[in-house]
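Along the sequence shown, residues carry numbers from 1. Read the numbers this way: they start at 1 and go in the same order the structure lists the ligands and their atoms.
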Amino acid sequence: MTPLNNFINKYGLTNKTLILYSCYYDSEKSLASVNSNFYYITGLNIPNLLVVYTQNKHHFIYKNTNGWDDDHSILRPLYNLYGKKTIIYTPENLPILAEHFPKKILTLNNFSELALSFKTEHTKISKNFLTDTQTLTNLASNSRKFKSKKELSNIVKATQYTVRGFRTMLSEFKKKKLNTSYKVVNYIKCFWGNNNIFSLAYNPICTSGSSNSILHSNQYHYKFKSNELVLLDMACKYNNYCSDITRTFPVNGKFTPEQKIIYNIVLDINTFAIKTVKPGMDWFNLQNKCLLRLYNSLENINLFTKVKRNYDKKIKLAALLMKHSLGHTIGIDVHDIPVNDFKENMVITIEPGIYFEAHLYNNSNINTKELKKYFSIGGIRIEDIILIGSKNAKNLSPLAKTTYGIEKLMNNY
Ligand code: GLY
Ligand code: MN
Ligand code: MN
């Protein structure tokens, strides 16, 4: 059974008419980014493609690039999934098919983008039919929150390759003199390429020292200094499913005592969150438990002035140092369908961090004398991929994360 038929049968849509549009792609202008619900429903990661399902049959319409792109290999997955004899139509066929459409058609919420690839055809369709963008979008989005065995195995694979990339890079880091962001990122990209993995889950983040506090830096010019920490947040995709891992490690292979103190506070939140998360709990609750724990740890190292504070104030202060959320769901998108409550078969990231930024010096709650000791660390984040099971959670990213484990990898002992 094809992915599309599976979806249609599962949700009783056999006598409906569906028009699904993948995405617009012009190789001179953009990177192809196929709509995630389109991929989920059709199993196809092909730009400029329209899938029409009507009267119990599916039809594929592709905007041929006339040799500008490798149409043949782009379309190969379509033949693999839907049969070697599948006929692929050109855009002019859409109005012909549309003659038999009912008044109402189901589409995804990227329907208006159709106008970019199939301009004339789109105008006709939007004039003549009522389009319901919500039904399919909701069905796909709700279903995507829970990973099937196959989806999970793709995430596990993406995570395994990501872990191996990190491990190999860390053990070669000193020998290969990987002393810039560019070299680190490219070393791992090459490792994946040699294993036939060519898709990244997102723009890698590789910073060092004070730049570690830039959460989504997409610059790769950073030259590492010997006493700095490198923050590397990088992952690949496998069969269109993402991983997302972060490790923070010392350039010279040895954490300083100050780096160790902050690192162990972040690691404690990471392991606490993984141990605590379970079905029935919600993000808000878990995040606040972690922020309170973070506050207490930072209070213990005297980073805050000695004042009595209520719960809300403690949470707010901790959130000033951990300026992003504790994690997110992951799947076809690196930031997948948002959820409030954790349920079995959801896959999430847990990624606590501490970041030191100049504005902290102006905050009267911060003990600036202590802040000075740690400020040059810039930032530390430790991120893992977690599967929510029936009773608790399982870490899918078995990559060293204690200071000892990281030093061991980097110094090969
Ligand atoms: N890599 C982006 C994130 O961790 O959310
Ligand atoms: Mn993440
Ligand atoms: Mn990440």
Check: Cationic tip of R293 within the cone over F272's six-membered ring, i.e. under 6.0 Å and within 45° of the normal?
Finding: yes

Below 4.0 angstrom from a heavy atom of [X], which ligand 1 atoms are there? Numbered from 1 as shown, please.
| X | answer |
| --- | --- |
| E383 | 4 (O) |
| D233 | 1 (N), 2 (C), 3 (C), 4 (O) |
| Y202 | 1 (N) |
| E351 | 3 (C), 4 (O), 5 (O) |

Note to self: Between D336 and K147 (salt bridge meaning N to carboxylate O under 4.0 Å), is one present in this structure?
What the structure shows: yes

Check: What do you reckon, does H216 have a nitrogen or oxygen under 3.5 Å from a nitrogen or oxygen of ligand 1?
Finding: no

Note to self: Does ligand 1 come near enough to R381 that some N or O of the ligand is less than 3.5 Å from an N or O of the residue?
What the structure shows: no

In terms of relative ring orientation, are [X] and [Y] parallel, tilted or perpendicular, with 30° and 60° separating the classes?
| X | Y | value |
| --- | --- | --- |
| H59 | Y89 | tilted |
| Y161 | Y238 | parallel |
| F356 | F375 | tilted |

Check: Does E351 put an N, O or S atom under 2.8 Å from the Mn ion (ligand 2)?
Finding: yes

Notebook entry, point to check: Between the Mn ion (ligand 2) and H335, is there an N, O or S atom separated by less than 2.8 Å?
Noted result: no

Margin query: To the nearest 0.5 Å, what is the distance between OG1 on T168 and NZ on K176?
Written below: 11.0 Å

Next item on the list: Could you grab the distance from atom CD1 of I105 to atom CD1 of I19, nearest 0.5 Å is fine?
Entry: 4.0 Å

Next item on the list: Please confirm whether M234 comes under 4.0 Å of ligand 1, counting heavy atoms of the residue only.
Entry: no

Notebook entry, point to check: Should V334 be listed as contacting ligand 1, given a heavy-atom distance under 4.0 Å as the test?
Noted result: no

Item checked: Minimum-distance atom from the Mn ion (ligand 3) among N, O or S atoms of E383 -> OE1

Note to self: Can you confirm whether the side chains of Y25 and D69 place a donor and an acceptor under 3.5 Å from each other?
What the structure shows: no

Notebook entry, point to check: Do E299 and Y295 get their side chains close enough for a donor-acceptor pair, meaning under 3.5 Å?
Noted result: yes

Next item on the list: Could you find the nearest protein heavy atom to atom 5 (O) of ligand 1 and give me its residue, atom name and distance?
Entry: H335 NE2, 2.6 Å

Checklist line | Identity and distance of the protein heavy atom lying nearest atom 3 (C) of ligand 1 | finding: D244 OD2, 3.4 Å

Next item on the list: Find, among atoms of D244 that are N, O or S, the one nearest to the Mn ion (ligand 2), and state its name.
Entry: OD2

